[in-house]
Amino acid sequence: MTNTGMNMRGKITFYEEKNFQGRSYECMNDCSDMTSNLSRCQSCRVESGCFMVYDRSNYMGNQCFMKRGEYSDYMSMMGMRDCIKSCRMIPMHRGQYRMKIYEKENFGGQSHEMMEDCDNVMDRYRMNECQSCNVMDGHWLMYEQPQFRGKMMYMRPGEYRNFMDMGMSGQRFMSMRRITDSCN
């Protein structure tokens with residue numbers, strides 16, 4: 001069993017209306033298209049684990065990180081424009097975190113390997129932006145602004161040659177944070 005494989009089950013319940021009203025749908029793993037279960041989703045409860053929710057199907061569009069708690073009107077709380085259309089459970093990870101970030105697409109330009117959070121790539125590495133990366137270990141959140149602010153993108157282990165392929169056109173990422181095992 002790998003470190004990433006040692007994940008606890010997560011559970012999130014989505015509701016059609018604000019304040020946990022209307023029809024509901026319970027989810028304990030990834031769901032690429034919520035519209036087959038609910039016509040819309042405007043509130044949710046995370047009972048355990050951590051999830052990324054997306055405002056487009058197939059894990060595309062604006063993303064929002066959700067950990068244990070109640071989100072009675074997630075749209076106004078999270079600044080999302082549209083309903084949740086897909087979600088992805090984030091597995092618990094124990095062990096080291098490693099990610100290599102690149103200034104340009106297709107692993108071009110200057111690069112830096114990270115094992116800790118970085119609140120500002122410009123200050124730390126003198127990079128104007130990050131346009132591709134390789135996540136070797138752990139799960140990460142990348143933010144469009146320094147100090148972990150603005151739109152975010154979930155990165156799990158793998159190679160990411162071009163963030164536009166993930167529905168993030170024109171996005172530049174200026175800070176990165178590890179998703180720690182606080183999602184229990």
Side-chain angles (χ1 to χ4, degrees), residues 1-8 10 29-30 32 46 49-69 77-81 84-184:
M1 181 183 306
T2 67
N3 288 337
T4 304
M6 297 170 52
N7 58 334
M8 294 177 57
N29 46 40
D30 297 352
S32 64
V46 179
C50 291
F51 291 83
M52 284 306 286
V53 296
Y54 304 80
D55 67 0
R56 291 177 36 206
S57 298
N58 297 314
Y59 321 112
M60 301 289 275
N62 292 316
Q63 305 178 23
C64 186
F65 176 72
M66 297 189 143
K67 59 184 179 179
R68 187 179 178 125
M77 290 169 50
M78 306 300 175
M80 291 179 84
R81 306 173 271 199
I84 295 172
K85 299 278 176 69
S86 57
C87 78
R88 180 167 269 155
M89 189 183 87
I90 300 173
M92 185 173 71
H93 175 78
R94 296 197 193 279
Q96 71 177 1
Y97 288 77
R98 283 188 330 137
M99 174 170 60
K100 192 165 190 177
I101 59 172
Y102 297 85
E103 183 179 29
K104 303 289 181 197
E105 296 174 354
N106 294 312
F107 313 124
Q110 64 174 305
S111 66
H112 298 279
E113 189 168 310
M114 301 172 36
M115 297 178 77
E116 299 289 330
D117 298 349
C118 175
D119 62 358
N120 191 327
V121 296
M122 182 62 175
D123 288 351
R124 184 177 294 173
Y125 301 120
R126 301 290 179 241
M127 283 175 61
N128 290 328
E129 58 191 349
C130 170
Q131 292 188 2
S132 57
C133 71
N134 181 11
V135 177
M136 285 87 75
D137 293 302
H139 299 260
W140 298 74
L141 290 175
M142 297 179 73
Y143 297 83
E144 70 174 337
Q145 297 173 17
Q147 307 302 322
F148 317 115
R149 293 186 332 249
K151 290 183 180 180
M152 64 179 76
M153 185 167 62
Y154 167 52
M155 310 302 285
R156 57 189 186 170
E159 292 184 345
Y160 301 90
R161 294 182 171 278
N162 184 341
F163 297 145
M164 287 193 302
D165 294 343
M166 301 172 70
M168 301 302 271
S169 62
Q171 254 352 88
R172 48 185 251 178
F173 294 97
M174 299 302 294
S175 55
M176 296 81 185
R177 173 180 280 165
R178 298 164 294 150
I179 300 175
T180 63
D181 60 325
S182 62
C183 296
N184 300 342

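Note that this is a predicted model, so its numbers are computed, not measured.
Across all non-hydrogen atoms, the minimal contact from M127 to I101 is SD-CD1, 4.1 Å. For the pair P157 and M136, the tightest heavy-atom approach, listed with the atom from each and the gap, is CB-O, 4.4 Å.
Looking only at side-chain heavy atoms (C-beta outward), I179 and Y97 stay at 4.5 Å or farther from each other. Side-chain contact between M174 and Q145 is absent, with no heavy atoms from C-beta onward closer than 4.5 Å. With a 4.5 Å cut-off on side-chain heavy atoms, V53 and Q63 do not count as touching. In this structure the side chain of E105 never reaches within 4.5 angstrom of the side chain of R161, judged on heavy atoms. Side-chain contact check for M152 versus M52: some heavy-atom pair is nearer than 4.5 Å. Within the 4.5 Å cutoff, the side chain of Y154 has heavy atoms near those of the I90 side chain. Residues Y102 and Q110 form no side-chain contact, since every pair of their non-hydrogen atoms from C-beta on lies 4.5 Å or further apart.
D30 meets the side-chain contact (heavy atoms from CB on, under 4.5 Å) test with Y59, R88, M89, R156; sequence neighbours excluded. Listed by chain and residue number, N120, R126 satisfy the side-chain contact (heavy atoms from CB on, under 4.5 Å) test with D123 (two or more places apart in sequence, or in another chain). A search for side-chain contact (heavy atoms from CB on, under 4.5 Å) contacts involving M115 returns Q96, R98, not counting sequence neighbours.
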Item to check | Verdict with reasoning, M155 to Y160, per side-chain contact (heavy atoms from CB on, under 4.5 Å) | outcome: CA-CA 9 Å; M155 310 302 285; Y160 301 90; 3.2 Å; yes

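Judged by distance alone, with hydrogens and angles left aside, the side-chain atoms of S132 form a donor-acceptor pair with the main-chain N or O of F107 at under 3.5 Å. Side-chain atoms of S175 never come within 3.5 Å of backbone atoms of C118 as a donor-acceptor pair (strictly under, hydrogens ignored). Using a distance-only test at 3.5 Å, with no hydrogens or angles considered, no donor-acceptor pair links the side chain of D55 to the main chain of I84. With hydrogens and angles disregarded, a donor-acceptor distance shorter than 3.5 Å links the side chain of S86 to the backbone of R56. Proximity of a side-chain donor or acceptor of E144 to a complementary backbone N or O of K151 within less than 3.5 Å is detected.
The aromatic rings of F148 and Y143 stand perpendicular to each other, their planes meeting at an angle above 60°, with 30° marking the opposite boundary.
A centroid separation of less than 6.0 Å is found between the aromatic rings of F163 and F173.
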